[in-house]
Amino acid sequence: MADNYDPKVSEPKWKKYWQEKEIFKFNEKDLKSEVFSIDTPPPTISGRIHIGHSFSYSQQDFIVRYQRMKGKNIFYPFGTDNNGVATERLIEKMKGIRAKDMDRDKFVKICLETVQKELMPQYVDDMKTLGLSCDFTIFYDTIDKHSMKISQKSFIDLYHKKREYRKDAPTMWCPTCETGISQVECEDKEMDSFFNDIVFKVDGKNLLIATTRPELLPACVAIFYHPDDERYKKYKGKKAKVPLFNFEVPILADERADPEKGTGIVMCCTFGDQTDMEWQKAHNLPIKMAISTAGKMTELAGKYQGMAIKEARKAIIEDMREQGLLLNQKPIRHAVNVHERCGTEVEFIKSKQWFIKYLDLKNDMLKWAEALNWYPKHMKVRYDNWVKGLQWDWLISRQRFFGVPFPVWYCKKCDEVILADEKDLPVDPLKDKAPVKECPKCKCKELIPERDVMDTWATSSLTPRLSTELVKNEKMRKRLYPMSLRPQAHDIITFWLFNTVVKSRLHDDINPWKDVAISGHIQDPHGKKMSKSKGNVIAPLEIMNKYSADALRFLAGTSKLGDDMPFQEKELVTATKTMTKMWNASKFVFMHLEGYNGAKPKKFTLVDRWLLSKMQKTVKESTESFEVYEYSKAKSAVDLFFWRNFCDNYLEIVKDRLYNSAKYSEDEVLSAKYTLYHALLNVIKIFAPVMVFITEDLYQTYFKKLEKKESIHVTEWPMYDSKQVDEDAEKLGDTLVEIASIARKFKSQNGKSLKEEVKIELDTKGFDIEAIIEDLRAVAKAKDVLFVEGLEAEKVPGTEIQVKVSF
RNA sequence: GGGCUCGUGGUCUAGUGGCUAUGACCCCUCCCUUACACGGAGGUAGUCGCCGGUUCGAGUCCGGCCGAGCCCACCA
């Protein structure tokens, strides 16, 4: 055994070993063992693994490795989510091409090839370097043919279930990218603007209204005031004339109008913002579009038609100023919604979009969440709040190029929807022919393909299907779904988790999983979110290179499930120290266990019973913690046992029996060996889910020849044995440790080496401590241990015993 | 504005009612002892955010306040 542990040598070695020996392979034929199936989060590949991934994937891997050691048949697939705008942009940049300039089919092909050939191999290798124990042969990409087929099938199924509709509706829209976008794609941006007090006329008299967006005047459909606002009650039922455009709109009361804001009266334009849409719906107002999909003023805007939004705003303000319709202008700074990709202000544009109808299911959605086991529990609240706040059906269409196409054609004449035949899936309507030659309704022969693609979430919400349907064996597939566990971070509860539940419920009326384990985020050292723009991002590969993958995993294992954690470099140092300690302690143990054949002693010595009892409690605690996905508690339990009980005390105490075994009986020596063997084996087993490489190294070095399993990661998890719990032995053993500690302190404070011999005087106050005297003599290097009645010196903590140490 | 989480020695952290509050990093002292100087033995350091309440007893439960982080909403 080498003097020092070198992760640079060991980690690549075991990484390769696991792949070659297929240690993590899912056994499709094993229909007996309990299955544990994981709905692994599919990352979007944009380069090398990043720190957030390294954390959340480590944490889910702890759980999986524990379950594997519990003897379960592990279904742990690895998928990727390269379907969507992020990948589209990445490929455009990498290849210097524009999606717009080519057929969708061709662009998708380039994307797939680039991702799979140039990015994926490196990324998957990064995951293996981190020690992820997925079965990487169970692989899907949310944009591959397999996924497309399932996604399109899902669409067709929901259409038949009358859960989908296509509607001309206002949607969030980016005029630069010319696509509908969803809430997730938006972000807030602070911008300078003006509050303009402009003049509407009611019965020829002025009515002042404040607005930041005068360019929307041509789309004005109503004026609102708060029903309790005394100032404006008199306008009830009247009409106001819109400045410059000179048409009339009704003046209405609605509680959403804030009397405190601006002049307390507000114009509603379809559509300036979310509230405008709500008003339109609630008061059944007409829809007027002043802005086109390209972000230009429409014909409604009269002389301003064709102008860009900001250009029109300026022109309209100028004109109003000239005509005395602008009474006041106040600069403000406010947050506006922008598209995160390009920073363009989000507009609401009416266009034909596909929706999944689910707003009517809010009560059911809450019940669905009830039926899931949430770890930690409080994360469910986020789901509930999201559901309660839902106001719109699920918009799933995107006017993009890269994505899963809708399997749909329309009749040019009557707009009838023609779905693809399921046996033809996956289809690309832009390339493939419709399953019928003519419209079944009006017999029109001209069928138009749908150009839009589905939003990423429409497909990624099917991951339980995407992965389990890779399994051919029908019987096994039934055992896999619903899946055992969805591990994911808390930021996408309202998207990925929620959407997956919705899809599974709409299709099969069951939850997609039994448990959900929500992990937190890694933050920068000051508790701030890591982001490229802040420049506080830490690269996991550098960490693994500087320390080790095990150290990085150790750090990931210190944060409590669900908690965010600031990145602490010193924790990596602690991890490295722990690994060094494990290596050295093992070196010592293996040296003394040479030739040991696993034999059990007739009788255990007191100190051995003390250690075994503590060990059983550690096994119990870490097992119970892992059962509820609290890997950090499991880790700290074994950490404490290893450092304090095993290294600091037991090894020191047992040395005498090992080095001077002639002084002891054969059975006493055997007792020590048995205890060393099992305590250390259990320690590395319990550490194994977190520190996967060094534990494997130690297992292969010594334990394998007796334990026989190919890898520590497929050995049996330690079984809690209450028969080894011995409270009396623990108490007496603790007393021994306390007295030894007093002796050490005495030496230390007197500037002496710990090997310095001392004299120990004791008044046991009637306690029988005979069983520990020999060990005490050995560990404290006490030449004399004397019993003195009536001694008043130092009290041994936890007892009445008095002790005095001298040279 | 709403929600969730958190607020413990200089720093990070354990701890869901009960003996002198856990561990780590830092700092100081001592020790090269046959697993480990990539170490060991000790030590200094905390009014457990603030106020009030429940209780024989609260870091731990309840209420209020203050602060931080994240998510969501608003943004005329």
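Protein chains get the first letters and strands the later ones, always in sequence-line order, with residue 1 at the start of each.
Within 3.5 Å, no donor on the side chain of A:Lys747 pairs with an acceptor on the base of B:A41, nor the reverse. Between the side chain of A:Lys752 and the base of B:C31 there is no donor-acceptor pair of N/O atoms closer than 3.5 Å. Between the side chain of A:Thr211 and the base of B:A76, no donor-acceptor pair under 3.5 Å is found.
Atoms CG (A:Asn337) and C1' (B:A76) sit 15 Å apart, rounded to a whole Å. Atom CG in A:Leu754 sits roughly 11 Å away from atom P in B:C31 (whole-Å rounding). Spacing between atom CG of A:Asp524 and atom C1' of B:C12 amounts to 14 Å, rounded to whole angstrom units. Taking atom CZ on A:Arg382 and atom P on B:A73, their separation rounds to 13 Å, with Å as the unit. Atom-to-atom, CE of A:Met379 to P of B:C71 comes out at 12 Å; the value is rounded to the nearest Å.
Side-chain N/O atoms of A:Lys577 include one lying less than 4.0 angstrom from OP1 or OP2 on B:C25. Remark: A:Lys755 is in phosphate contact with B:U33, judged by side-chain N or O atoms under 4.0 Å from OP1 or OP2. Phosphate proximity of B:A76 to A:Arg256: absent, as no side-chain N or O sits under 4.0 Å from OP1 or OP2. Between A:His521 and B:C71 there is no side-chain N or O to OP1 or OP2 distance below 4.0 Å. Between B:A24 and A:Thr574, no contact under 4.0 Å exists linking OP1 or OP2 to a side-chain N or O. The side chain of A:Lys388 places no N or O atom within less than 4.0 Å of a non-bridging phosphate oxygen (OP1 or OP2) of B:G3. Distances shorter than 4.0 Å separate none of the side-chain N or O atoms of A:Ser753 from OP1 or OP2 on B:A41.
If you take atom P in B:U8 and the same atom in B:A41, they sit 28 Å apart, rounded to whole Å. Between the P atoms of B:G15 and B:A73, the separation comes to 32 Å (whole Å). B:C70 and B:C27 are spaced 31 Å apart, taking the P atom of each and rounding to whole Å. When the C1' atom is compared between B:G59 and B:G17, the two are found 10 Å apart, to the nearest whole Å. Going from the C1' atom of B:G49 to that of B:G69 covers 15 Å, rounded to whole Å. For B:U13 and B:C28, the P atoms lie 25 Å apart once the distance is rounded to whole Å. B:G23 and B:U34: their C1' atoms are spaced 30 Å apart (whole Å).
Pairing partner, B:G67: B:C6, with both Watson-Crick or wobble hydrogen-bond distances short of 3.5 Å. Nucleotide B:C27 is matched to B:G43 when pairs are restricted to Watson-Crick or G-U wobble geometry with both distances under 3.5 angstrom. As the counterpart of B:U60, no nucleotide is assigned, since no Watson-Crick or G-U wobble pattern has both distances under 3.5 Å. Nucleotide B:A76: unpaired (no Watson-Crick or G-U wobble partner with both distances less than 3.5 Å).
Side-chain atoms of A:Phe195 lie closest to B:A76 of the nucleotides B:A76, B:G42, B:C4. With B:C36, B:C72, B:C70 as the choices, the nucleotide that has an atom nearest any side-chain atom of A:Phe495 turns out to be B:C72. Here B:U22 is the nucleotide among B:G3, B:C31, B:U22 with the atom lying nearest to any side-chain atom of A:Arg644. When each of B:C70, B:G15, B:A76 is scored by its nearest atom to the side-chain atoms of A:Lys560, the top-ranked nucleotide is B:G15. Side-chain proximity of A:Ser748 to the nucleotides B:A76, B:C30, B:C75 is greatest for B:C30. Listed candidates were B:C38, B:C12, B:A41. Nearest to the side chain of A:Thr580 is B:C38. The side chain of A:Lys570 lies closest to B:G23, out of B:G23, B:C4, B:G69. For A:Gln749, taking side-chain heavy atoms from C-beta onward, the closest of the listed nucleotides B:G42, B:U5, B:C38 is B:G42. Out of B:G42, B:G39, B:C75, the shortest distance to the side chain of A:Lys581 is found at B:G39. Here B:G42 is the nucleotide among B:C25, B:C38, B:G42 with the atom lying nearest to any side-chain atom of A:Ser741.
A:Glu11 places a side-chain N or O within donor-acceptor distance of the main-chain N or O of A:Ala549, the cut-off being under 3.5 Å.
Ionic pairing of A:Asp384 and A:Lys388 is not present here: no N-O contact between side-chain nitrogen and carboxylate oxygen is shorter than 4.0 angstrom.
Ring orientation note: the planes of A:Tyr232 and A:Tyr225 are tilted relative to one another, at an angle of 30° to 60°.
A ring-centre distance under 6.0 Å is not found for A:Tyr235 and A:Phe200. Taking the six-membered ring wherever Trp is involved, the centroid distance between the rings of A:Phe348 and A:Phe271 does not fall below 6.0 Å.
Counting any heavy atom pair closer than 4.0 Å across all strands shown, A:Glu569 reaches no nucleic acid atom. Among the protein residues, A:Glu756 comes within range of no part of the nucleic acid, since none of its heavy atoms lies under 4.0 Å from any strand.
Applying side chain to side chain contact (heavy atoms under 4.5 Å, CB included) to A:Met320 and the options A:Val199, A:Asn196, A:Leu325 leaves one that passes, A:Leu325.
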Evaluation steps, salt bridge (Lys or Arg N to Asp or Glu O under 4.0 Å), between A:Lys614 and A:Asp734: CA-CA 10 Å; A:Lys614 298 244 185 230; A:Asp734 286 343; 3.1 Å; yes
